[in-house]
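Below you'll find the structure I mean.
Naming convention: chains lettered A, B, ... in sequence-line order (proteins, then strands); numbering from 1 in each chain.
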Amino acid sequence: MSTTMRINGKAFQSSSAPNARLLDVLRNECDLKGTKEGCGEGECGACAVLVNGRLVNSCLVPLGQMERAEITTVEGLPEDSALAQAFVQCGATQCGICTPGMMLAATALLAEYANPTLEEIRWGLSGNLCRCTGYGRIYAAIAQVAGGFADV
Amino acid sequence: MSLTLVKQRTDQQTASPRRVDGVAKIRGTALYVDDLPCADVLHGATVRTTAAGGTLQEVVFDPAIDWSEFVVVTARDIPGMNAVKLLENDQVVLVDRAFRHAGEAVVLLAHADPEKLGMALKGVSLVELPNTAPIFDIDAALAAQQEIIPGNIYTDYLLDRGDVAEGEHLADVVIEERFLTPSQEQLYIEPQGMLAHLQKDGSILVEGSMQCPYYVLDALVQCMGMDKDHLRVVQSTTGGAFGGKEDYPSVIACHAALLALKAGGRSVKLVYERGEDLRVTPKRHPSRTLISLGANKAGELQFIDMDFAIDGGAYRTLSPVVLSRGVIHAPGPYKCPHIRVRGRAVATNHPPFGAFRGFGAPQSIFAMEVAMDRLARKLAMDPAELRRINLLRTGDVNPTGDVVGADCFAHATLDVALEHTHYYQRLAEYRAWNAAGHQTRKGIGLATFAHGAGFTGNGELHLASRVSLQALANGHVEILCSNTEMGQGAATTLVQIAADALGLPMDRVHLAQADTSRVPNSGPTVASRTCMVVGELIQKAAGQLLQRLRETAELAAPHDAQSFAAACARLCAVAGDTLVTAQYQPPTDMRWDEQAFLGRAYASYAWAAYIAEVEVDVLTLETRVLDFTAVQEIGDAVHPVIVQGQIEGGVAQGIGYALYEDVLWNERGVMANDRLTNYIIPTSADLGFMHVVLLEGGLGAGPKGAKGVGELPMDGPAPAIVNAIQQALDIDICQIPVKPEMLLELTMSRGN
C-alpha cells in the first residue's frame, strides 16, 4: 500500500505504513529537515506544514490521510519573499527552531487576512510556541508585510 | 536626575544589520542536531532509576530479547572516571550502586530501529532498594533529619555588612515576610541531544546542542579517559538554551560517546523526546526567602535581613554559583547601611537544578521587590517614591560595599519608566476603575533592579578566556572563539564588533563554528558575558591584527576592505602566521573578597525599571497583562533589534514565571506535568506588544561601553506583576505563579 501526494509542488509516493507520522515521512523519506519536532503531541507547532493550504501539525497527521494532498513545507515557500525579508529585518527569528512553523503559520494567516489586526495575528500564531522572542518581533514582521496592523 | 546623561534609543531597526544566521533559519536550512546527516546511525536510549534515591541491587535483562542486536552500556564500560566533570565530581555518569534521585541513568542502549529500541527499554528492569524518606522541601532539607550529604547544605554564604541589630534599632517601620518561588523549565523548543562518532583513528567526535563546548570536552576527557587531542566537540545549531544547555549536555555527550565507543564504528544519536527532557534535565532552582526590611519614617532603608535558600537537588552541579548570584542581587539596587543575606543551597532528592536565565537573581529579587511594596504600604508611601528615596546614586556604597561609580542609572530608568507609562495618571485611573465595581480590577506595579554581567567576582580572572582572529589571504577574517550562538544573537553581535574594530564591512568577517579542535577556550556562553567580555576580547584582538598588518604587511591607515585584503595577502605570503590571540586581563579596579562577599562583584551592572499593568477578572480570577514597559540601561546597544528581542523574550519568560509556569512534582520527585499540554508557557494569545525603552549610558565594560543583556529581563517581570496584582485586589501575595486558584484562596481568606 502506498500514499501519493504532492510535496512542495512535486509528486511523491510513500510506501510507509498509513499510521506513519507525516512529520517522519517529510524528514526521513523526503529529507525535508526544515520541519522540526518540538514536542510530538501537537502543542508547539515546530512541525507545522500546510496541507491543502491549511496549517496542521505534521506530528499528529497520519500518512494515510494524505492521499492526493497538497503539502507545503518551509522548503516550499518562496525563498526571498517579503515575509522572509521581514522576518530577518524585524528580528523575528532567534534560535530558529520554531521559525519554519512560524513562517508557515504566517503564510496561512496572510492568505486568510491580507491586512490582519494585531488580534488576528496573535490568534493566528497561537498554535506556534516561540520561547525566544516573546512574539513582538514576529508580530512586527507580519505587520510589515501587510503594510501595518489593521487596528493599531 | 537629568536624562541628558543617557541616550534614549528610537531607531532600533535602522541601526541594526541583518542577523548573520537569519536566512538559514528562515529557510529551514540551518542544521540542528537531529537534522545532521549521518549514514547508518544508531539511536540511543537511557534506562533510568525510578526511586527517589537508594541503592541499585541488580539490573535484569529480559531473556526474551536478543541483546546481541543492541549496544548495551553500563557503568562498567566507562573507561575513565564515572563522574560528570563540573564543580565537584559528585554526580555519576551511570549509576553503579548508590543514587540520589529518580531519573538517573543506569543503562544505555542503542539500535538502528527506534521501535525495537523502545521495546528493549521496557525489557530492562532495575531492582532498587529505595530510600525510606526522600526529601523534596527546602526547610525539610535544612532540618536535616535525613541526610543526603552532611547537613544537607552544599554551600552556605553570608553577605554581612554593617550591623543589622543596629539597623533594627533605627527602623520605625519593619515588615517581615516569607516568599516562595517555584522551579521553572527553560523550555527551549529544541530538545537536548548529541551525535557521537568513533573515528578511524580511535578518536571521538561529539556534535550537538550546547552552550559550552569546552565544558563538554572536559567532561569527555574525564569520563572517556582520553586526552584532548583524541576528543573533539562541535556545536550544531542550537534551538534555544537559556541556561538549560550549560551543564547537562556534558551528561548526554558522555552517554553518546560511551555508546559510540562500543558500537563498532557506527555513529550514535541520543536525542531526547520532550517528556524525557522535561523529567531529567536541570531547571531553575526553587527558592524560599525569609525577609525582614526596616525603614525610618522618611522611608530610608535602615536594614535588609534575608535568609535565602535554594533547592539544589540531588547533586551540587552549578548550585554554588547560582546561590552566589542570588545572594549578591538579593538586596537590590538600594542604599542601605545594614545588610545581612544568608544564602544556602540545600540537597534534596529532586533531579539537580541548574542554570536558567538570571541564575539565582530572579528568585531573590522577587522577594526583595515584593517586600519593598509591602514596606511602602506600611509606610503609607507610594512604591515608586519609596524606591526613589533608596535607589543608588553615584558615590553611594552598594550592598557589597563597593562605591558606585559614574555608571549608575537607577534613577534615570525609574524616571523614564514613570514618565513613559504615565504612572501616576494610570494609578489614579485604575483606583477609580476598581472603586466603580466593574467585572475586573486593575493595577500597576513596578520593580527596580540591577543585574551584574559576566562571571561573579574573580570568575573571569580564573577563566582567563582567549579569543583568536585569523586573517585569510582573500581579506576575510575569521573569529575563533568557543562562545555559541543559541538564538541570542551572539554570531551577529560578535561579527559586528569585529567588523567595526577592523574597519571592514560585516560580510568580510565570519564566526567560526564552535569546534574545540579549532577554537580556543573563550569561556562558557553564560552569565550575559559574551558580548561584554568576549566582545571586548575580540576588539582587543582586532587591534593586534591591525597592528601586525601595519607593521609587517604595509597596511596603510586609514584602510578600506580592498587595501585590507591586499595587506592580508601580503601577510599570508610572507609570514604565514596570520593568527592573533587576545587573553582576558581583569580591570585594575576589580577587587572581590569571595569569603566576605565584599568588593566589586561585577565589572558592570545594567540598570532597569519595569512596570506591569494588569487586569484581574473578579469572577474567574484570571490575570491578564494589559501592558508591560521595560526601561533598560545597557551601556550600548550593539545591535538594537537583537537587544530588543532579548528583552522582550526575557520578559515573556518572566510573565510565564509570574503567572503560568509551575513545575509539579510526583511522589518520587519527578516532574509530573512533563508535557507541553500541562506545562504552560505564554503563547501569542497571551502576549501583546511590550514597550522596550533602551537607555545607553556608554560606561559598561564591553565594546563602546556595552553591558551584558541576556539575563536581566528575567529579573523584573514577576515582582512587577505581583505588585500590580496586589494593588488591584488589595491582597498580599507571597508566591508565584499567581494562578486563579491561589487568588481564590487569598480572596476567600480575606473575606473571612
So do the side chains of B:D34 and A:K36 get within less than 4.5 Å of each other, counting heavy atoms only? no

Rounded at 0.5 Å granularity, tell me how far OG1 in A:T133 sits from CD in B:Q644. 11.0 Å

Say you draw a straight line from CD1 of B:I26 to OG of A:S81; how long is it, rounded to the nearest 0.5 Å? 9.0 Å

For A:W123 and B:S684, run side-chain contact (heavy atoms from CB on, under 4.5 Å): C-alpha distance rounded to whole Å, both residues' side-chain angles, the deciding distance at 0.1 Å, then the answer. CA-CA 7 Å; A:W123 284 102; B:S684 55; over 6 Å; no

A:G38 and B:P191: which non-hydrogen atoms are nearest, and at how many Å? O-CG, 4.0 Å

Are B:R274 and A:E37 packed together at the side-chain level, in the sense that at least one heavy-atom pair is separated by less than 4.5 angstrom? no

Heavy-atom pairs under 4.5 Å with chain B - which of A:E75, A:Q89, A:Q85 has more of them than the others? A:Q89

Kindly determine whether B:R675 and A:E43 satisfy salt bridge (Lys or Arg N to Asp or Glu O under 4.0 Å), including the steps that lead there. CA-CA 9 Å; B:R675 309 298 327 170; A:E43 285 290 329; over 6 Å; no

Kindly give the heavy-atom pair with the smallest separation between A:G136 and B:E648, and that separation in Å. CA-OE1, 3.8 Å

Between A:V74 and B:R27, is any pair of side-chain heavy atoms under 4.5 Å apart? no

Please step through salt bridge (Lys or Arg N to Asp or Glu O under 4.0 Å) for the pair B:E661 and A:R131, ending with a clear verdict. CA-CA 13 Å; B:E661 298 183 36; A:R131 189 59 154 169; 2.7 Å; yes

I want to check something: taking the side chain as every heavy atom from C-beta on, are A:C132 and B:F242 in contact at a cut-off of under 4.5 Å? yes

Using 0.5 Å steps for rounding, measure from the OG atom of B:S209 to the CD1 atom of A:I97. 8.0 Å

Is the closest side-chain heavy-atom distance between A:Q94 and B:R19 below 4.5 Å? yes

